[in-house]
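Lettering follows sequence order; numbering is per chain, from 1. Bear in mind the structure is a predicted one, so any value in this text is a computation, not a measurement. Hydrogens, waters and symmetry mates play no part in the numbers below; they use all other heavy atoms, side chains included.
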Amino acid sequence: MSEFTYIGKKVPRIDAREKVTGKTRYSTDLYPAGMLWGKVKWSDRAHARIVRLDVSRARELPGVAAVLTHEDVPGHNGFGIITPNWPVLCVDRVRYRGDALALVAAEDEETAERAVSLIEVEYDPLPVIDTPEQALAPGAVAIHENGNVMHTMELFKGDVERALAASELVLERTYATQFMEHAYIETEGGLAVHDPETGVITIWCGDQYAFRDQLQVARSLDWDPLKIRVIGSPTGGAFGGKDEISVQIHLALLAVRTGRPVRLHWTREESIRVGPKRHAMTTTFRIGAGRDGTLRAIDVKVVANTGAYDTIAAPVLNLALESSPGPYRYGDSHFLGVAVYTNNAMGGEFRGFGAPQVVFGVEQELDRLAEELGMDPIDLRLLNAVELGDVSALGHELRTSVGIKETLEAARENDLWRRREAIKAELDAAFPHRRHGVGVASEWHAVGLGVGIPDFSNIVLEFDSEGRITMRTGAIEIGQGNLTAYAQMLAEALEYPIDRIEVIHGDTFETPDSGTVTASRSILINGNAILDAVARLKPVLLELGAEVLGVPAADLVYGGGRVSVAADPGRSVDIPALAARAEAAERPLKITGAAIMAVADKDYGEGLPHNYYTYITQMALVGVDTGTGEVSLIRAISVPEMGRAINVHGVEGQCEGGLVMGQGYTLYEEVVVREGRFLNTGFTTYILPTSLDVPEQETIIVEKPEKTGPFGAKGVGEAGTVPITPAIANAIHDAVGVRLTELPITPERVLAAMRERL
Amino acid sequence: MKEIVVTFRLNGKETTVSVPPALTLLKLLRERLGLTGAKPGCERGECGACTVHLDGAPVNSCLVLAAQVDGREVVTVEGLERGGELHPLQEAFIEESAIQCGYCTPGMVMAAKGLLDRTLDPSPEEIRRAVSGNICRCTGYTKIFAAVRSAAEKMRGGA
Amino acid sequence: MRFDYSRPRDLAKAVELLSRDPEARPLAGGTDILVGAQEGTARPSRLVDLAGIPELEGIREEDGKIFVGAAVTHAGICASPLLAAAAPLLIEGCAEVGSPQIRNRGTIGGNLVNASPAADGIPPLLALGAEVRIFGPAGARTLLLEEFLLGVKKTALEPGEVVVGVAFAPLGPDEAGFFLKLGQRRALAIAKVSAAGRVAFAGAAVKSARIVLGAVAVTAVRAASAEAFLEGKELTPETIAEAGRLAAGDSRAIADIRSTAAYRDEMAGLLVARGLERLAASRS
């Protein structure tokens, strides 16, 4: 780490000052003069035909500028990252209570709300399908023309039934997880303006991929995409929930119709109800092992409740399958997943992307195996952990850095693990109502979009004669600090002061397409594009230097921000002067760099498998109140291996934040939908961890540089939110001897499990 | 609905506005006074993103009517910076990397300031409690606690 | 939200405004009524701001009782040295309300008038044997808190009446109290169950006990069988366990999104036992 100037250092975030003074303008902070307030009429039914939709009374209300229905959607009446079948405005059917029926724009918020309440809808109810079981039952009403199965994926290696039959030990268990809400503090929202002279629609909307928003809006408005400007950065939290369309198309429709700026900002209740959620999944594992602890076979079946429409659910299911064996060697395997339509919540993209659901189960199964064999849980994992060059449980070669063993070893060396019996005994004595436990779990987390899915980045660098560099990237700053990491990587590669670098981001008119901010990909792909830009820049600098110094380029070298004569370093010229030279010659210095994500050696379709992984081990110290069943997460440790830490605080931040998000998923959070009705409508009933609930944390960074990653970096955005869930469950088992197979692990469930065991 | 004339001190400046009775302080600040630091996260007093100081105490501005601040003092995050100099808490948040998406940050800083206005030697438990009404979805709170500790130390005159 | 607003700064005027318009509501901290107005469950025609009315303010000892004005905030209660000595269980209850921001605004009067079954300020006051002082068009009157609370969000206030404050006898040298709450998390939590107690001792034995369960019935209720059992008994692990069992039986919880009925009933008993354990430990 000490060989670098910027990489691996605690460089302050470049957007921090603006944020801490309240000066940052998020897309929901814009209130231009002449603005109209937009509101959406959402479905009052979970599943029904629309018999009549009457907006006349709403239209007549004074102060209402426009009321739009599906008749006002000029282009494709649908959106969706993979398959655009999520209606912009419903035509004749609603399939969940977050379906949109009409849009209103009015002079003020109150009038807009009143207008929505004046919209009359007559429904012809259809049977409401709540669960995949109901959806797959014979005779169940078909939610879509092609039935209720949205997607299936099957993978296998070898012959799992034979291998299970030959295993000395076979464990089988089913785990069930709940719908989870992103709960970003900034709900979905933004502003749109249409300029009739230029024909340009400008949309400010915190998102994850401005360029894809541009395409989705263009498709629905039947509009030239180049005349749609999307400014998606900054975003007040995304976690996967703002990659899909939220308000963008609605805003564009209203802005074009009214000719005025229109604002739309979902309430917290709308955000919980309408937007995509982490899928509820049921997973059944069968794992075969030898008495020596070696894993032999794994069979995984996943059923995902995907809600009413497609969005990005197929890749989520696929990644659930890919994540399910964990970072271990298996001889034979079989994975089968099915995503099923229901009229429930909308299953979609969420940090972790299918892994949290399955890792909750598989990492408890490993603990069960360890217990059965009398083996230490970390030793069992170390025995089976993959290494570089291994063939994965899915059958592809692991060709990029693999550091799972190092994370397990670091966990084993940690004071909490080494002294866990003494620590637990001390706490048990101090808190007589509690029993304490320590648990550990690991995962591997795919980085990148996977085989067959366009996974690229473009970066533009511009230089001015004062030595300032403007780096342009389409990447959105969703909070993870990637802009700062980009500046660090550029400063390092160019040997240039970081405070002379400005990053312009997330604007389809001002920045190139750098791909979406998801799948833990941003450091890897954008870093490589930056390095590509620098590689292309250097010869240009040498050419410019040749002009200035009157020496052939071949005799020049670049170093420390200067081009110098190799044989006579005293003769040199700096970047500002070179940029000035280029400007004077009317060829301003501007370079584009690009990168494409390297892919795996196999192609199983639809993004499977991946080529890069974050490896991570997490540990939890819990206290279980034996009277109330409450579980307190007292201490937690993350040991991530992400290749190289570009910004140490950034990596810690992703792990610390991800871990608490995982804690919420494990102990408190659940989107409760009964017969299509959302029972939680806000933070009173959707329970997030507060500062009094969170653990003391420690993050131990393990580096195992990946040669195809920028400075060896891979990615780390998601991994920190995943294995903490089974680590907590394993710790609960260590404390009170019960295994919880359903999330969230509420006190009621813990107490019931403890009773059952008696 | 008769409008209410409200005169109050805002970030040290005497301010007079005329508002509808049901307008919240949060909306007054954001929609009419251009101060968008305080944020709407839930509008039910459950997330703290709208926290400002009212007569020196942190409150959820989404649950205060603009009419109720007549004759009182309001301080928002925008009022912390003095002549380009950040408040030690703001500097600590930057140094400790306690900011990710930044949306909860103004409210978090105002809540923490409420603690440091009363004591410069808060215990770890007091720090947690002071921000227990502020939800952060990004950071896991670890670096927020560190920032408050660090600011308190600095303000005490420590290292 | 849409309503008119007045700030009379005068008790008689406030009462007049409230009696004149049956759809008008009093406004103090706003942390309940403004949430209701945002959600549309409350539709007041006018909010009458009670700020600046001297009769509603203050925490003081008078005529052997502690008076707490309706307009005193939960934060004000938590910071009161008088209450720390005279009624620490009230501080324990008010310290559990919401969050620091909510406690800086929410008032004890508002907590009473909102009459949520899960209110944190109410069980301690009920355990303390508090009376509610009221002023209205017909003048002043006083009700015991148990007479004041009628049901979920229902009180005995007549149109135009406001709560002026509460009063209770301070804990004596042979008395002790407790308040415990079980929520889904440690802050910003609505109680699943709570328990409060005011216990008077004669020597080592319990002379009398007022034990109150919160969030397990339409209003906070007395754990009457537990109280009856404890009279004359010393606090031992056995008597404490039995009192807890009886309290669980006194509980009438329902199921909702937060928890089940059976769990709540059982936890009511557990909280009572733990509260008594705490008392026993502090007296030994």
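- The CD atom of B:E125 sits 9.0 Å away from atom OG of A:S691, with the distance rounded to the nearest 0.5 Å.
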Is there a side-chain hydrogen bond (donor to acceptor under 3.5 Å, both in side chains) between A:T21 and B:E78? Walk through the geometry before answering. CA-CA 6 Å; A:T21 52; B:E78 292 91 342; over 6 Å; no

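- For the set B:C101, B:A98, B:G48, the entry with the most heavy-atom pairs within less than 4.5 Å of chain A is B:C101.
- With a threshold of 4.5 angstrom between heavy atoms, B:P124 does not approach chain A through any atom at all.
- The candidate from B:G41, B:P106, B:G133 with the greatest count of non-hydrogen atom pairs under 4.5 Å with chain A is B:G41.
- B:R137 contributes no side-chain N or O that, together with a main-chain N or O of A:G657, makes up a donor-acceptor pair within less than 3.5 Å.
- Counting heavy-atom pairs closer than 4.5 Å to chain A, the top residue among B:C138, B:G45, B:A38, B:C47 is B:C138.
- In terms of non-hydrogen atom pairs under 4.5 Å with chain A, the most contact-rich of B:E31, B:R44, B:E95 is B:E31.
- B:R128 pairs in a side chain to side chain contact (heavy atoms under 4.5 Å, CB included) with only one of the listed residues (A:V694, A:D693, A:T690), which is A:V694.
- Using a 4.5 Å cut-off between heavy atoms, B:V109 touches chain A through its side chain atoms alone.
- Here the straight-line distance linking atom CD of A:E18 with atom OG1 of B:T105 works out to 12.0 Å at 0.5 Å rounding.
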Could you go through the side chain to side chain contact (heavy atoms under 4.5 Å, CB included) check for B:Q100 and A:K19 one step at a time? CA-CA 9 Å; B:Q100 288 189 31; A:K19 285 176 172 174; over 6 Å; no

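- The pair B:E85-A:R17 does not meet the salt-bridge criterion, since no charged nitrogen lies less than 4.0 angstrom from a carboxylate oxygen.
- The six-membered or imidazole ring of A:Y26 lies near that of B:Y103, with a centre-to-centre distance under 6.0 Å.
- In summary, A:K23 and B:E81 engage in a salt bridge, as defined by a charged side-chain N under 4.0 Å from a carboxylate O.
- If you measure heavy-atom distances from A:L692 to chain B, the contacts under 4.5 Å come from both the backbone and the side chain.
- With a threshold of 4.5 angstrom between heavy atoms, A:T684 approaches chain B through its backbone and through its side chain.
- With contacts defined as side-chain heavy-atom distances shorter than 4.5 Å, the pair B:S97/A:R13 qualifies.
- Taken to the nearest 0.5 Å, the CD atom of A:E696 stands 7.5 Å off from the CZ atom of B:F145.
- Rounding to the nearest 0.5 angstrom, the gap separating the CD1 atom in A:I185 from the SG atom in B:C50 is 11.5 Å.
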Side chain to side chain contact (heavy atoms under 4.5 Å, CB included) between A:E656 and B:T139, intermediate numbers included: CA-CA 6 Å; A:E656 289 162 3; B:T139 68; 6.0 Å; no

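- Among the candidates A:M35, A:Q480, A:E669, the residue making the largest number of heavy-atom pairs closer than 4.5 Å to chain B is A:E669.
- Residue contact with chain B, scored on non-hydrogen atoms closer than 4.5 Å, involves the backbone of A:H182 exclusively.
- At a 4.5 Å heavy-atom cutoff, the contact between B:R30 and chain A is made by backbone and side-chain atoms alike.
- Across all their heavy atoms, A:V660 and B:G140 have their closest contact at CG2-CA, 3.5 Å.
- No other option in B:I99, B:L35, B:I127 has as many heavy-atom pairs under 4.5 Å with chain A as B:I99.
- Of the two parts of A:E269, neither the backbone nor the side chain holds a non-hydrogen atom closer than 4.5 Å to a non-hydrogen atom of chain B.
- The most heavy-atom pairs under 4.5 Å with chain B, out of A:G479, A:A183, A:C655, come from A:G479.
- Using a 4.5 Å cut-off between heavy atoms, A:T28 touches chain B through backbone and side chain atoms alike.
- In terms of heavy-atom pairs under 4.5 angstrom with chain A, the leader among B:G79, B:A22, B:G37, B:G102 is B:G102.
- Looking at B:K39 and A:E186, no side-chain N of the basic residue comes within less than 4.0 Å of a carboxylate O on the acidic one, giving no salt bridge.
- Closest approach of A:G653 to B:K143, counting heavy atoms only: N-CE, 4.1 Å.
- Applying the 6.0 Å contact sphere to CZ of B:R72 captures more than 12 heavy atoms from other residues, nucleotides or ligands.
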